[in-house]
Structures are given as structure tokens and as C-alpha cells.
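Inspection log for the structure reproduced underneath, given as C-alpha cells.
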Amino acid sequence: MFLPVDEQLGRIRDGVAEIVPESELAAKLERSRVERKPLIVKQGFDPTRPDLHIGHAVSIHKLRTFQELGHRVVFVIGDFTALVGDPSGQSDARPMLTTAEIESNLQTYREQVFRILDPGLTEIRQNSEWLAGLRLEDILRLTSQYTVARMLERDDFADRYADEKPISLVEFLYPMMQAYDSVALEADIELGGTDQKFNLLLGRTLQERSGQEPQVCVLLPLLRGTDGERKMSKSYDNYVGLTMEPTDMFGRTMSIPDSLLAEWVQLASGASGVERSEWIGKADEDPLAVKRWLAETITARYHGSEAGAEARVAFDRVHRRRDVPEELETCVLSAGDEGTLWIGHVLARSGLARSTSEARRLIDQGGVKIDGEVVQDPECHVSPGSYVMQRGKRRFLRLVVEAAGGPENCPSTTDGDTGSG
RNA sequence: GGUGGGGUACCGAAGCGGCCAAACGGAGCAGACUGUAAAUCUGCCGGCGAAUGCCUACGGAGGUUCGAAUCCUCCCCCCACCA
């Protein structure tokens, strides 16, 4: 049932930033093998944002590895901790979420993780199960085991403190709660990004003080986002979402700076070690080829190889040949009383511009095309009919203008990324 | 509780009675260039069918003034030091 410890270690180590401490991991694996008892491997995710991205996927794939090795994976949804918000790496206090928001995010999480994890082998728990019932007395006992000074050692807190930014008391509780998850689950191993190190280590401390064997912390490198600077995060809009359409996945990946290639091939491609180093080796001489392979590989990883190839073709069409994409979202607008629609309103109401003022600016700058023709006159009107609208290089829309009074229907009025990122 | 320093647009940060829709930097957007990107250069970067116009906006509410982001009063919030 269980592979030899060395083999397991090899697979676990692959792509991992740090294992603390590795010797304990080997011991746990050894014992589990002898006793034929799977290890409990946990990772928590706060349902603060409804989308998981390929940055999260780095560690979720590692969880998958543990599943394949026969261990028991517990995916903790931090529905209770999300009330507080993880201060890790945060420069500001986070707003508290309402239970309703958490509830709806939680549902989408379940779907998304099973794109990677084996549903039959995954236990999903919500930490409200054990956290919500704690009494103040329990909390006092818990908090008495750690000191303010040690909390303040954390970089994020220390920086905020130095910057004269607020730190709420409840944020001190966050790591305690996450650590308590490990106690409640009697976790053997906890996975997390390197920014989670403090929280995971606190889990060890708390477990020990509760008379448990401390968990091993498996820290995974953080994937930087498409901007090449900050860690991938939905709030920076520099992410590739697990549920994104193939064209968007492909496009977003293509938009990463070359300097990020090695990192992404390493962490996000899912290719074998040999293949990875092969492509990384080529990154300097032919970054474009590597990036195209990477974009297709990532897309294929979540949508299948056919979709990956299609996304590549669609990308070439729009970006290399500057052509119109094959599939366009359609936006139906109705003309005004005079039977036509002013271009400013077309852009604003279709979501291509945020306001008529922005629409004017875009036109002034030559950033708007109708059926491939640059719109010169900011006062022009559009007659009823069907057009291809283009804003900038890569936002397209099929525009249908109907006679006055008809129903309007635009799919992405807010801020649609039509072609790709 | 006391004393002092703060709260300005997406973020950081200037302004401290009219020349302020608010310098500057970053982010973002558009154009040029390109390998898609980055870098670079140019322009834009509150809203209104555009306008030496109106509306909204410098933590909140009032007030002084012909005129307030700027002065006054009260309130809210953040930070530091001392308790």
C-alpha cells in the first residue's frame, strides 16, 4: 500500500520550498508505513474570495501527491477564520466578511478543488465545526500559550507596526485559530505557502502544548502573479483562475514577463522534472516558444489538451495576426429616439468604457474601432445593425444595435476581458 | 486618561484661503515600437452628448468668508509617547 519512504520523500520534496523539519517527516512516513496507517495531511483555505487560481493550485497539487501516496487529505475551509481574515503578508487589516459571503464562496471552492483533488479521497471540513463552539475560557487557555512579542516578530505585523498602521487584536487571534485547526484535526502534516510559515509553525507549538506530536510543515513556493512582482492574488488581478476560460488562461499566461518563465514552468506546468528543466533551459534563447508551450500546457492541465491547442490558435489569431477572435460576446443595445446611438453611449453601455467621458478619451486616442475602422469622430452615431467593436488591442464585442425601445443585453457590462488577459 | 502627530483621488504623497478636479510617483488605460510581454517614448487617468458650463470630491457634520482641501467649532478614526 505505501511506497518506500525514500520514494515518498522524493515525490513530496519535488517543488517544495521547505520542510520543517524534514527528519520528522521521514519518521512519520516510516511509522505510517509500518503501521499501515495513512498520515493526516491538512491545508486550509479561507473562502474570502470565490476564485482559486494556479497559485493555490501549487499546493493543491501537492495535496494530490499525498493522496496518490495513500495519505488522508483534509481540506479545511476556513469559514470561521475568514471572519477574521489572514493577516499574512497583508499590509492592511482586512475587512470582515459576512457569513452570507463566506457561504457562497464556500460552495464554489468545493467545485474548484475537485478539478485537482480526488473527491473520493478528500475530506472537506469547515473550521467552524470546532472553532465556533469554543468558549471564552478555551480561548483564554489558547492565547495564554503565546506572547505578544512573538506575534510582533512576524514581518507583516512588524512592518505595519513600524509603518504606524493599525493591527487589530483579532488579527493576533488568526494564527491561533489556524494553529488550533491542526490540534483539532491532529494533523501530521500541514501544507501552505511560504508566507504561511509562521502560522504553520504555531500549529506545531500548540499541538505540542496539547500533548500531540507536532505536525510537519511543508512550505510551497509562492507563485508570483502575471505582473511578475507580487504574489498571485485575485485582489491584484494578476492571477490565472482555475475556472477561467481556455482563451483567458492562455492569454494571461502569455502576458507574464519573460523573467517569470522559469518560475512558472517549475511551479505551474505540472510537467515532469526532466521536461521542466528542458524548457527552463530554453527560456533564455527562445522565451516566446517556452511561453507558448507553458500557456498551452497550463490551459491543457485544466481543460484538456484539445482546449489547450485551440486556445493557442485563438491567441495567434488575435495577437499575432491582429485578427478578430472567432467567438465574440454579443451585446445588444437599443437605439435612441432619433433611430441611432451615440458612440459614447455605445462604449459606456456595452462596458467597453466606464463612462462616456472615458469613451471620448479612448476615441481621441484612436483606441476604438468599428469593423476594423478607427473611429475618428467622438460625436458619431451608430445606426441599427451588427458590428464588431474593438477597444484597445484585445477587447472585442459583437455589437447589435436595434431600433429604439428594444431590450438591451450585455454580458459583461462590468469589466469583461473579452479576448484574453 | 494626558500630550503630540495624522486622515487628500485606486495606492503612496504634495498642497495649507482664490492660479485646485488638486503637483509628483506607482498602478491602470490608449497610441507608437515589439516576440505577447517587458523596457522605452507619447497621451490619458471624477462624472455629465464637451462645455471660458454644471455636478460630485480632499475623514464626518456645521460655521467664518465674495470665495475653503486650506481658517474656526464639534464629532469619528489612525499612530506615537506617557499613564
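Residue numbers begin at 1 in each chain, while the letters A, B, ... track the order of the sequences.
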(message) For the residue pair A:Glu402 / A:Ser334, report whether a side-chain donor-acceptor contact shorter than 3.5 Å exists.
(response) no
(message) Under 4.0 Å, counting only non-hydrogen atoms across every strand here, what does A:Arg230 touch: a base, just sugar-phosphate, or nothing?
(response) nothing
(message) What's A:Arg320 touching, base or sugar-phosphate or nothing? Going by heavy atoms closer than 4.0 Å.
(response) sugar-phosphate
(message) Tell me if the side-chain of A:His319 makes a donor-acceptor pair with the base of B:G35, cut-off 3.5 Å, by modelled atom types.
(response) no
(message) Tell me whether the side-chain N or O atoms of A:Thr226 pair up with the base of B:A37 as donor and acceptor below 3.5 Å, since no angle test is needed here.
(response) no
(request) Take atom NE2 of A:His345 and atom P of B:C48, then tell me their distance rounded to the nearest Å. (result) 8 Å
(message) What's the closest nucleotide to the side chain of A:Pro287 if the choices are B:G43, B:G47, B:G35?
(response) B:G35
(request) Determine the Euclidean distance between corresponding P atoms of B:G25 and B:C44; express it in Å to zero decimal places. (result) 13 Å
(request) Check whether the side chain of A:Asp364 and the base of B:G43 form a donor-acceptor pair under 3.5 Å. (result) no
(request) Quick one: sort the A:Phe66 and A:His71 rings into parallel, tilted or perpendicular, breaks at 30° and 60°. (result) perpendicular
(message) Check this for me, if you would: do A:Arg361 and A:Asp364 make a salt bridge, where the nitrogen-to-carboxylate-oxygen distance has to be below 4.0 angstrom?
(response) no
(message) Under 4.0 Å from OP1 or OP2 of B:G31: is there any side-chain N or O of A:Lys393 that close?
(response) yes
(request) Answer yes or no: does a side-chain N or O of A:Arg361 lie under 4.0 Å from OP1 or OP2 of B:G28? (result) no
(request) Mind checking A:Pro378 for me? I need base, sugar-phosphate or nothing, with any heavy atom below 4.0 Å counting as a touch. (result) nothing
(request) Have a look at A:Gln390 and say if it touches a base, only the backbone sugar-phosphate, or nothing, with a 4.0 Å heavy-atom cut-off. (result) nothing
(request) Could you check how far CZ of A:Arg354 sits from P of B:C44, rounded to whole Å? (result) 18 Å
(message) Once you apply a heavy-atom cut-off of 4.0 Å, does A:Ser357 come out as touching a base, just sugar-phosphate, or nothing?
(response) base
(request) On the 0 to 90° scale, with breaks at 30° and 60°, tag the A:His56-A:Phe45 ring pair as parallel, tilted or perpendicular. (result) perpendicular
